[in-house]
Chemist: 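Okay, here's the structure, questions in a sec.
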Amino acid sequence: MKRALILALLLLLGTGAACATVLGIKPPGRAVFPHRAHVTKGIACTRCHEGMDSAGEDGPLHIPDTARCVECHVDPHDARTCSNCHSAELSLERVKSAKHHLRFEHQKHLKEVASNCARCHIEVAEAGRPLLPPMAACLACHEHEGTFQDASCEQCHIDLEVEQSRPQSHLVHDEDYVNRHGPEAAASRALCDSCHTERQCASCHGANVPALPQRLNFDRPELGGLHRAGFASRHDREAKTDPGLCFTCHTETSCQRCHEDRGIAGANATRNPHPAGWVGIGQNNNAHGAAAWSDPASCAGCHSGAGEALCVNCHKVGGVGGNIHPPGWTSKRSLAEAPCRLCHDELTP
Amino acid sequence: MRRKLACVILVASAFSAPAYATPYRLQGTAYGQAQAPVGLVSLEGDARPTDWVQIEALIWAGAKELGTEADALVAAVRLHDPEHRGDLWLGRQMMTTGALRPVHMDGARGLVRLPWHMTVEAFGGLAVTPNFKLSDEAYDWMAGGRIAQSLPGWGTIGVAYLHRRDDGRAIDHEVGGDLWITPVKGLDLTARAAYDLQNPGLSELIGSVRWSASSAWRVELLTTHRSSARILPATSLFSVLGDVASQYLGGRVRWRAAPRLDLVAEGGARRLSETVVENARARAILRLDDLGRGVLSLELRRQGAPDDAGWTGVRGTLRLPVASKVSLGVEAELVRPDRPATRGEWWPWGLVAASFQPTAAWDVALAAEGSVTREDEASFDVLARVTYRWEAKQ
């Protein structure tokens, strides 16, 4: 019994440790460097990061190597490179990325803050936190209202289109940013342009898109998108859910081109997408009327242009199909103009 | 006219990029799939020859079941005042100004920054038609603009106007308003609304309020109003079927439960002409390493729709680096429709992909995709993509 309890406890601990590793609570085999422990011992930052006080825009990262560590830690527990374990991979990648993509000189900044590194590296007081300052730390001193207004990010960011850093404090591009990107782009297109190219907008919204980005990036299933997975097989249902949404990007011709290619519409059509009882004479055999009133955009997807003649044949004034306008319909349009003139003789309102 | 403009820009981009080059980039992609068969080749590039010039283009050629076609998705030059007093874009580009929906245009767009944080934008040109096809009466121009006022420390508000004609007839005549305000730290309000002047009424409204309670919690409320008859061109017969707007109200919560685990819950209701339908989604995203190179996700979704066209589905994805230059991707979806109609009760879809980056320049991917088609028959496809990137700096 006692042995079973010990086994169960060990299993629980093992599972907990494995979960902590998977969830990122405990980094597997690597730890964030204990800066706090060194700072509280009164060790100056430049003792390890030698040369930082004279570092310009170019040059090395000034990350200490093993030789620097063993100057103090004279009896290391392991003969291998210290940073293999005592540094977080993410922190190191961020530092490399910042060095490559940002215009920044430690030399200038250290003079301004009287060599107080913690003024920007504010997380140094928290044990185990990555030290790369967030952009908010820059904004604490630098006035950036004008920079945002002008979208002149190149003052600090060398090439944001390549850097592809996602802002953490503003414009958060997280899961389902698609809901918000329209209004935000509408309000501040210039700010979007500072990171994004015309091609990125046009790759979804363009009138002549050859294939959507999620189709071309089929090997990256983690990417978001409105048309992922089996969207093609349920797109008619998605369109029903939000009438008109499709037409905020697509035109009627987009539907027609695709449907004609697949033999669903046009002269070569071999299939009828409508159910039985769609068009007929009488209330019980005429489902298309109610469907058209609730979602006219869906009809336009196939029957616009020359296809409108299908409707006009029955619904023109005096035709067997009756009035297509809903009760109370009024319009300021002239009967002589399209589309009114299709059904109305100018003399018969 | 359009062909000449595209040619001038492409020639300009081809010859001016290498001269100064800080930096210039080219990317070629070939994509093919076994079914149909379908093939696509695209070539894209951009360059910044000087501080005030940026050039960008993407051209493509494709083969499909019924023939081949080629087109330019983007071919534009941006002239940019280094003092940030204004910008001018010329060529084939996307227009997104204020409340107006994105429009693909061959033309010009200019922006001037005035004192007191005010900006004025204006644009004019021809709507892009696939394969440079023009109608017999090529009077399909569009023009418009936007005036915006930035409120330092708060956000931006703007008003915009669009007039668009097709074959000489007005098909869009809209005004709109937009705002993006951050009244307090962590709280974001964005909205845009478009009003149809031809057939007076609200054509579209999108509003979102987002509150970032902490780095772990984020809450969003979203509302939309969309009148599909007003979004259609005013010359369409289907624009006279009345104002059949749909309205949506929903919310979303994201919780970073652990450094590598995000949990997302979303729900809302949409009012269609005479019915209300539901929308609900729950998603878990687990990053398999600190850099997010490996990702595992699971999503449950319920989508209501009129006429029993709703469905319930589950979707899972996995991206796993299996070696330093090789990744594996798996995506699977299973949907159960409320009313299967002529199809089976379950609609499965799946894809297995592998990608290989032998160098920073090359990217090769191959996938197998399978699903059950609308006719309840099994469908299988093979997809392939090869990409080469080239970048140079002065």
Side-chain angles (χ1 to χ4, degrees), chain A residues 23-25 89-90 93 145 149-150 152 175 179-180 182-189 197-199 201-202 205-208 210-211 216 218-222 229-230 233-234 237 240-244 247-248 261 292-297 299-300 304 308 311 324-326 329 331 338-339 342, chain B residues 31 40 56 58 60 62 71 73-74 76 84 93-94 96 98 101-102 104 117 128 130 150 152 156 169 178 180 190-192 206 208 222 226 228-229 231-232 235-238 241-242 244 246 258-261 264 273 290 295 305 309 315 317 319 329 331 333 347 349 353 355 365 367 371 383:
Chain A
L23 295 173
I25 298 166
E89 189 183 13
L90 180 59
E93 288 296 324
E145 277 174 7
Q149 168 74 12
D150 299 342
S152 54
E175 166 88 359
N179 283 343
R180 298 172 60 87
E184 288 186 359
S188 190
R189 169 73 191 271
T197 60
E198 289 286 335
R199 309 197 293 284
C201 302
H205 294 290
N208 53 2
L216 293 174
F218 56 78
D219 57 322
R220 299 193 59 194
E222 77 279 12
S233 69
R234 53 183 159 78
R237 290 166 188 254
K240 259 183 189 295
T241 304
D242 193 352
F247 283 90
T248 59
D261 285 353
W293 267 346
S294 64
D295 185 7
C299 305
S304 62
E308 290 176 354
C311 314
I324 61 170
H325 304 302
W329 163 261
S331 175
L342 293 172
Chain B
Y31 168 86
L40 174 69
E56 184 181 351
L58 189 155
W60 60 266
D71 215 330
L73 188 65
V74 171
H84 300 287
Q93 58 192 293
M94 287 305 304
T96 317
R101 290 172 293 282
H104 205 185
H117 306 291
V128 171
S150 179
T156 304
R169 297 188 297 254
D178 61 82
W180 180 8
T190 58
R192 69 179 213 186
I206 302 174
S208 164
L222 175 75
R226 192 169 287 115
S228 60
I231 286 172
L232 288 168
T235 50
S236 167
L237 182 68
F238 303 100
L241 300 186
V244 279
S246 71
R260 292 186 191 165
L261 179 66
V264 180
S273 54
D290 286 342
V295 181
R315 175 173 163 250
T317 70
R319 180 170 162 84
E331 186 173 6
E333 181 183 81
W347 301 352
W349 180 95
S355 59
S371 65
L383 322 174

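A, B, ... follow the sequence lines: proteins, then strands. Residue 1 opens every chain. All heavy atoms count here, side chains included; hydrogens, waters and symmetry mates do not.
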Chemist: When heavy-atom pairs shorter than 4.5 Å are enumerated against chain A, which of B:Leu241, B:Thr317, B:Leu383 gives the highest number?
Modeler: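 Option with the greatest count: B:Leu241.
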Chemist: Considering only heavy atoms and a distance below 4.5 Å, find which of A:Ala207, A:Pro183, A:Ala229, A:Pro296 pairs most often with chain B.
Modeler: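 Among the listed options, the one with the most contacts to chain B is A:Ala229.
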Chemist: Which residue out of A:Lys240, A:Arg220, A:Glu308 racks up the most heavy-atom pairs below 4.5 Å with chain B?
Modeler: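 Most pairs with chain B among the choices: A:Glu308.
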Chemist: Where on B:Ala309 is there a heavy atom nearer than 4.5 Å to chain A: the side chain, the backbone, both, or neither?
Modeler: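 Both backbone and side chain of B:Ala309 come within 4.5 Å of chain A.
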Chemist: Which one of A:Cys311, A:Cys201, A:Pro210 has the most heavy-atom pairs closer than 4.5 Å to chain B?
Modeler: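 Among A:Cys311, A:Cys201, A:Pro210, the one with the most close pairs to chain B is A:Pro210.
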Chemist: Is B:Leu73 close to chain A through its backbone or its side chain, or both, or neither, when contacts mean heavy atoms under 4.5 Å?
Modeler: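 It is both, since atoms from each part get that close.
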Chemist: Tell me, side chain or backbone of B:Ala367 under 4.5 Å from chain A's heavy atoms, or both, or neither?
Modeler: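 Contact with chain A is through both the backbone and side chain of B:Ala367.
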Chemist: Count the heavy-atom pairs under 4.5 Å between each of B:Leu232, B:Ile231, B:Ile206, B:Leu261 and chain A, then report the option with the highest count.
Modeler: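 With the most close heavy-atom pairs to chain A, the winner is B:Leu232.
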Chemist: Where does A:Leu342 contact chain B at under 4.5 Å (heavy atoms): side chain, backbone, both or neither?
Modeler: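 Looking at A:Leu342, just its side chain touches chain B.
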Chemist: Measure B:Leu222 against the heavy atoms of chain A and call it side chain, backbone, both or neither at under 4.5 Å.
Modeler: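 Looking at B:Leu222, just its side chain touches chain A.
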Chemist: For residues A:Glu198 and B:Glu56, report the shortest heavy-atom separation together with the two atoms involved.
Modeler: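 Nearest pair, atom of A:Glu198 first, then B:Glu56: N-OE2, 3.0 Å.
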Chemist: Under a 4.5 Å heavy-atom cut-off, does chain A meet the side chain of B:Gln93, its backbone, both or neither?
Modeler: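 Its backbone and side chain both get close to chain A.
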Chemist: Pick one of side chain, backbone, both or neither for B:Ser246, based on which atoms fall under 4.5 Å of a heavy atom in chain A.
Modeler: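 The answer is the side chain of B:Ser246.
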